[in-house]
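Structure record follows, encoded as structure tokens.
All figures in this text were calculated on a predicted structure; none of them were measured in a lab. Lettering of chains follows the sequences in order, A, B, ..., and the numbering in each one begins at 1.
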Amino acid sequence: MVHRLPWRIVAALAMLSVGVLLLGACSSSAPQTTISDASVNNDRIWSVYTIIWIAAAVVFVAVEALLVYTIIKFRNKPRTAHGRPVPVHGNTKLEIVWTIIPAVVLVVIAIPTLQIIAELEKRPSEADNPLEISVIAHQFFFEFRYEDQGIRTTNELHIPVNRKVDLVMTSNDVIHSLWAPRLGGKVDSIPGRNNHMWLEAKETGEFDGQCAEFCGVGHANMRFKVIVHDEAGFMAWMDEELNPTPGGDAAAGEAFFLNGPCAGCHAIDGTTAAGTVGPNLTHFASLPQIAGVVPNDEQNLRAWLANPPAVKPGTGMPNLNLTPAQIDNLVAYLQSLK
Amino acid sequence: MATQVAVGQARVEAEPFAQPRGLWSWLTTIDHKRIGILYGVTALLFFFIGGIEAMLIRVQLAAPNNDFVSADQFNQLFTMHALTMIFLGVMPLSSAFFNFIIPLQIGARDVAFPRLNAFSYWVFLLGALLLNAGWFFGEAPNTGWFSYANLTSPAYSPGHNVDYFVLGLQVLGISSLAAAFNFLVTIINMRAPGMSMMRLPVFTWMTLITSILIVLAFPALTVGVTLLMFDRFFSTNFFIPAAGGSPLLWQHLFWVFGHPEVYILILPAFGIISEILPTFSRKPLFGYSAVVFAGAGIAVLGFGVWAHHMFTVGMGPVPNAVFSIATMLIALPTGVKIFNWIGTMYGGHLDFRTPMLFAVALVGMFIIGGLSGVMHASPPVDSQQQDSYFIVAHLHYVLFGGSIMGLFGGIYYWFPKITGKMYKEALGKLHFWLMLIGFNITFFPMHWVGIEGMPRRIYTYNSGYGWDLWNLISTIGVFVLAIGFVVFIVNMWLSVTLGEKAADDPWDGATLEWTTPSPPPLYNFKHTPRVTSRIPFWSQKYPEVYGDDDHFHHHATDAAADDHAAEHAPASAHAVAHDEHAHEEAIHLPNPSYWPLVTAIGLTLVFAGFRWNYAYHAITYIGVVTLVVGIYSWALEPAMDDPAEHAEAH
């Protein structure tokens, strides 16, 4: 009885795997990809990552080829005179060889690993003139505090390009993890601890990120953006934060709602906001009351957004420390949701 | 389900010990083979449930912004999928083989403590039910199988969800510990004469190492879960930072258990394919000592790498560097195993029956999982992979491509021995190809979405991140896997009910279990075998190839003392010799007992009472009384009848 492996299936599987990789490499729109040279620290990571990929690819091809060769060469071989293959019990030299070769590969990986650990975990010095920002994670949003400048934002981390940013990370409740993959790796925000991570963007633009440590029912919607400005743009942004122009912009309010802290808990049908922790706000402007306690008018809405627990003690919605400009924009947007 | 197996097994023999029949005989059984079957059938049932949970997860993630399940349902599903597959699927399926095969492989009549063995099974079953009880109240555990503090504290998890996790794991841990001690003692003390440690079959070796790992690793989990239990039920603050506790303490305790647990899951599968590959290559295992010491090396190193799960918690550069190097070192013994498996096949006469296909698939798939594991041994790389789908891909290549491939190989390999029937080869191969292809379609794309920045444990995602297509492909793969599982169940069912009668030694095996009838009689071996070789049955069947046995004396000098008796026995030319005088010996088997079941019920009630704390913890007190009565009755019950009764049967 002959048992043959269906080789065509094996070949098809191999083709499929290669196809998956190629297609993936061609996919153009990946705003959260880890393959990026948009920051100095991600370059550092990839200086190790690339070596490991090459080593892994070589080992993968070599060992799988050996396996496949063995399968093909020795399948269903006719028996020897005594009906059994020649019994071979082992070979000490071979054991030594296939211990030492992987050990050499590991050394090649380990040396740059240790160097980059040291670089990434070193806090920026005064000479780097770092911008220090506190990151306070909450269920389910990130708060960024520019203590020296007196600015607070939620889910929008504005930073200048080509300058080291020194992030000091903690959490207000449970463990979270700040991860904007195109700008580098993640570090956890842990209650009762201050963790550090530095970041130096090389190009301006918006970079997507989201919480990477499972933190509860709103985890999937805990998204944030890193906005990298050029030096002038960053000064203009700070100026606008400190002296906001009056009057709300509904479009800006919608963008803030969808990308800011709101969508972590609230849903608005027909948009990407799909949070389930708080009430659905699809027809907010038609509701008679805010949070079921005060009449739904602009003044109450402003008070509510400024500090929800002050309006309704015990509410699940925390004080988000919204800026006056953010409140203006949100009010304009929310009042358009008939 | 159990009774179905019993029907297939029923053979009335002209022997002193006929197989008992009926439900009661299964509830009171202390026969390692029946307990093995109970473990196996229960594990497959939970494997099915865990698979359903995986399918629901994949349906939810098939498209962006899907609302097939809610966020909380999704969290319950991924938590229970992991807990079910790890504690109720893979571990008990390994236990099924420990139970059924180990006494047969070492030439023993049963395990060292048969009633403790029954107790382990019943505690496992009841613990599994307690862990799953939350489903009936819509509040299954929802904080992940790792359940990081302080998300599990009453403030952030006010429902009962985490209670089922805490109490279920407490009970399951007791089961694992009892079983591990049992197999430690069994393997060290119950080996047949001449079976020195370096003649143990490799599956027995890996079982021994796994048992040591369980004994050393589970107490860390028990401590962690006990502290969490105190935090939740008695308002302590071990893990609550606002009161001075440390959430990172939980992570250390959990991973001191959790990383060795990975090897607890994979080493039995390594052991299984170290039996399958030689059998279907018709060659002894290449580098036996290297494979054994590599397994032991993995186990030792496995205790020094737990914090590689914590590279992003801010331990600092020195701990990250140390744990990184330790983790990379594990690649060495793992590589040694892979090369020796290929060396076993090299020059052999490979026969690609279903068990062999699964064994080779383990080697091929584990290489991928092993290489991605080396990647996140490097903390800078890990900071981009941790908690992303890349890890989901990695862990499934290790635990599915590794453990589960090996365990299914084991099911097909020992199916004829366990049931006395042959499975259908064509259906077995169909199952294999569906599983291998479905597995790769499901999990290979996860590498890519992980690299593209998709985090784990998110119930929804937006379009426009390049994740949509790959998630859809993964979901399609799950359905291929599901069809494969249906084929497997059909095959098992048809084979048990209508299958051809299996030969005693259908694969031309090398180890002692193949010297027994299929299925083996209640007492396994009429006469205790004597062993003078690492491949005793081959040495007996092919003395002209393996008979001289020089090799074994050369390598296993520690066996010399054990061999002394065997070499002076009349039939020493044969590796499996039976002492002529042994015909005189009577077979003593312990009596069935229901006290292990009663004790297990009492133990489970003690813990269940914390969840259902009605009427001044009445359930806990009923449990305590049942437990005490059970233990005392168990201790005072005679283990076996008066030997005189059995003497009459001869």
Compare all side-chain heavy atoms of [X] with those of [Y] and state whether any distance is below 4.5 angstrom.
| X | Y | result |
| --- | --- | --- |
| Ile117(A) | Pro380(B) | yes |
| Glu95(A) | Phe286(B) | yes |
| Asp508(B) | Arg84(A) | yes |
| Ile190(A) | Pro247(B) | yes |
| Val59(A) | Val374(B) | no |
| Lys283(B) | Pro87(A) | no |
| Asn75(B) | His219(A) | no |

Could you tell me whether Asp382(B) and Lys186(A) make a salt bridge, using a distance below 4.0 angstrom between a side-chain N and a carboxylate O?
no
Taking [X] for its side chain and [Y] for its backbone only, find out whether a donor-acceptor pair lies under 3.5 Å.
| X | Y | result |
| --- | --- | --- |
| Arg193(A) | Gly314(B) | yes |
| Thr34(A) | Ile451(B) | yes |
| Asn65(B) | Ala274(A) | no |

Tell me, for [X] versus chain A, whether the close heavy atoms (under 4.5 Å) come from the side chain, the backbone, both or neither.
| X | value |
| --- | --- |
| Tyr156(B) | side chain |
| Ser281(B) | backbone |
| Thr460(B) | both |
| Pro455(B) | both |
| Phe390(B) | side chain |
| Phe239(B) | neither |
| Phe146(B) | side chain |
| Ile325(B) | side chain |
| Ala149(B) | backbone |
| Leu285(B) | backbone |
| Gln251(B) | side chain |
| Asn340(B) | both |

Do [X] and [Y] have side-chain atoms, one donor and one acceptor, less than 3.5 Å apart?
| X | Y | answer |
| --- | --- | --- |
| Asn221(A) | Tyr459(B) | yes |
| Gln385(B) | Tyr49(A) | yes |
| Gln32(A) | Trp467(B) | no |

Students often mix this up, so state it plainly: with edges at 30° and 60°, are the rings of Phe339(B) and Trp98(A) parallel, tilted or perpendicular?
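Geometry flag for Trp98(A) against Phe339(B): parallel rings.
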Distance flag, aromatic centroids of Phe74(A) and Tyr346(B), threshold under 6.0 Å
yes
Check whether NZ of the Lys or CZ of the Arg Arg457(B) lies under 6.0 Å from the centre of the six-membered ring of Phe214(A) and within 45 degrees of that ring's axis.
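No - Arg457(B) does not lie over the ring of Phe214(A) by the 6.0 Å and 45° rule.
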Minimum-distance pair of heavy atoms, taken over all atoms of Tyr461(B) and Arg223(A):
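Where Tyr461(B) meets Arg223(A) most closely, the heavy atoms are CA-NH2, 3.9 Å.
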Tell me which of these, Asn142(B), Asp72(B), Leu248(B), Ile338(B), has more heavy-atom pairs under 4.5 Å with chain A than the rest.
Leu248(B)
Leading residue by heavy atom contact count with chain A [cutoff under 4.5 Å; candidates Ile458(B), Val291(B), Leu332(B), Asn462(B)]:
Asn462(B)
